[in-house]
Amino acid sequence: MSESCKKIAILNASSTINQASKEALDAALIYGSYEQSTSLFFQGEGVRQLISNQQLETVHVKDYLKTMAALAFYDIENIYACKASLVERGLAEGFHLDDVQVLSSDAFSDKLHQHNVILRF
Amino acid sequence: MTTELEYNGQIIPTDKHGYLVDFTQWTEELAPLLAQSDDIELTEAHWEIVRFVREFYLTYNTSPAIRALTKALKTKFGEDKASSRYLFRLFPDGPAKQATKYAGLPKPARCL
Amino acid sequence: MTILHLQRTSAFDKNDFAQCVLSIKPDDALVLIDDGCYNASHSLFINFKKQNPTVAVFHIQEHAQARAIEINHDQSSPITMAKLVELTFQYNSTITWQ
Amino acid sequence: MQTLSVVITTPPCSYSTITAIDYINHAIKAGVNVVGVFFYQDGVLNASANIAIANDEYQTHKHWQKLNTEHGVNLHVCITACEKRGLSDDIGDTVNTEVTQSNISQYFTVSGLGELVELTAKSEKMVQF
């Protein structure tokens, strides 16, 4: 598969306590572990996945957000959040991840356009 | 095939593949017992990986897939111990599968 | 690179379309599919058309017809499923908004 | 030849799935090589061997079957997503029984997310439904 130099974007659009969000992360980790260039995008309700101090275990949901801290081991270094989505929801940029790039809608879309395959969950 | 381990008069439930049902019940004494079912005797080299995998799980709430494992090992132990060849020599059925079992962690997802 | 945006949900029900319109660039195209056809009369769509008159917009004719949606052809061009397959290969990538 | 893979995330009883099947059939008619279909999230429910839909409704499962048998389209299901939803290829693989059974339709291939990566690499285009 090394001949493929496609860039993969996983566009996260579901809120935190949602099976779709965990399965999106699983897909991203697989692309990463197969050495595919992979980026994570958070837009709409998806931005909620980045907010710190969420306590998923309180409602018996496995805290997959902790797994995001391991993204670097999967060579996933590009993480983008849509500023407009944060503002619309009154969310401050208090993330549980360090390397999130918050982008205007235009810049966010520019980044998306640099990818060959885009999956939205 | 058993669905529990007996240790020190205590019954510790395992799933049908031999993994602990509750990872918090694990103690270091259980590791050799878990390895025994695969006919593996744990050496210090095994232990390094088993402890590492458990720590990874406790930090990130997931067991590392092989590539992530080698990458993470490289930072800690250097190139020699971070090759998948080295890991497969220690854990012939797959380091992700076996090291997690002895570390008392859940069976990694089949598709990962 | 260009993106073919496949809009499958109605903005009267879900907010995917709001994110979709924010992500469309001038050389992209938008296709209204399934309940996405309902967006033709949504203010988001009408404003989008005003601000981006040159972006190609299509809808699957059968999907609009099935829902008794009349779409003005200068707002969106009716296409068949066969044409959608063609479009898939004319753009660099696709995003499915659903 | 143009190559295409499709990702399905909608369940068999969703009308959205009909659109996906329609799209794949048109791709085949246009001479596109459909390398594979990957079922993920609730999409894996399409692989159940126990789907029964009244005769006067759209037979989603029969259309998948036809794509596989008549057009050789590979239908891959993510086994982890399956098992979470009660679909398995090793039912009965518990204590005291050697018999394994499957409730996954024979027209589907049990795969993992690695197959999604393969399909991505092997196809010119990837479309999600």
Side-chain angles (χ1 to χ4, degrees), chain A residues 1-41 43-46 49 56 60-62 64 67-68 70-71 73-76 78 112-121, chain D residues 1-11 14 16-17 19-20 23-24 27 32-47 74 76-88 109-129:
Chain A
M1 247 171 307
S2 48
E3 80 274 8
S4 163
C5 48
K6 283 180 186 164
K7 291 177 77 179
I8 319 295
I10 304 289
L11 180 47
N12 294 278
S14 310
S15 53
T16 308
I17 299 180
N18 189 319
Q19 180 73 232
S21 305
K22 184 184 181 291
E23 288 181 325
L25 179 64
D26 287 343
L29 293 179
I30 282 291
Y31 277 109
S33 55
Y34 277 77
E35 302 181 45
Q36 308 293 299
S37 166
T38 308
S39 311
L40 291 187
F41 289 79
Q43 189 185 30
E45 285 293 85
Q49 294 178 39
L56 281 64
H60 313 292
V61 174
K62 174 176 162 169
Y64 66 92
T67 304
M68 289 187 190
L71 286 169
F73 295 121
Y74 293 81
D75 292 320
I76 300 174
N78 298 322
L112 260 183
H113 279 74
Q114 292 167 11
H115 292 74
N116 308 86
V117 172
I118 305 162
L119 295 174
R120 184 174 181 269
F121 297 108
Chain D
M1 199 186 210
Q2 293 172 320
T3 53
L4 169 76
S5 283
V6 175
V7 178
I8 303 287
T9 50
T10 54
S14 158
S16 300
T17 307
T19 300
Y23 174 84
I24 296 168
V32 173
N33 174 13
V34 180
V35 181
V37 179
F38 188 82
F39 296 82
Y40 194 45
Q41 300 190 320
D42 286 352
V44 298
L45 295 168
N46 284 282
N74 293 313
H76 297 279
V77 283
C78 169
I79 187 62
T80 306
C82 275
E83 288 181 336
K84 257 185 208 178
R85 292 167 177 84
L87 293 180
S88 173
T109 307
V110 170
S111 297
L113 279 168
E115 189 61 40
L116 175 64
V117 182
E118 293 268 358
L119 292 176
T120 307
K122 284 195 285 203
S123 325
E124 242 172 278
K125 299 292 169 196
M126 183 128 230
V127 180
Q128 181 184 10
F129 275 98

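Every chain is numbered from 1 and lettered A, B, ... according to where its sequence line falls, protein lines coming before strand lines.
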Leu116(D) pairs by side-chain contact (heavy atoms from CB on, under 4.5 Å) with which of Ile8(A), Ile30(A), Leu119(A)?
-> Leu119(A)
Output the distance between atom NZ (Lys22(A)) and atom NZ (Lys84(D)), rounded to the nearest 0.5 Å.
-> 4.5 Å
Criterion side chain to side chain contact (heavy atoms under 4.5 Å, CB included) on Val117(D) and Gln36(A), from CA distance to verdict = CA-CA 8 Å; Val117(D) 182; Gln36(A) 308 293 299; 3.6 Å; yes
Can you measure from CG (Asn116(A)) to CE (Met126(D)) and round to the nearest 0.5 angstrom?
-> 12.5 Å
Could you tell me which portion of Glu115(D) (side chain, backbone, both or neither) has an atom closer than 4.5 angstrom to a non-hydrogen atom of chain A?
-> neither
State whether the side chain of Gln41(D) and the backbone N or O of Glu23(A) hold a donor-acceptor pair below 3.5 Å, judged by distance alone.
-> no
Are any side-chain N or O atoms of Tyr34(A) and backbone N or O atoms of Glu118(D), one a donor and one an acceptor, separated by less than 3.5 Å?
-> no
Chain A contact via Lys125(D) - side chain, backbone, both or neither, heavy atoms under 4.5 Å = neither
Set of side-chain hydrogen bond (donor to acceptor under 3.5 Å, both in side chains) partners for Thr67(A), sequence neighbours left out = none
In chain order, what residues pass the side-chain hydrogen bond (donor to acceptor under 3.5 Å, both in side chains) check against Lys7(A), with sequence neighbours excluded?
-> none
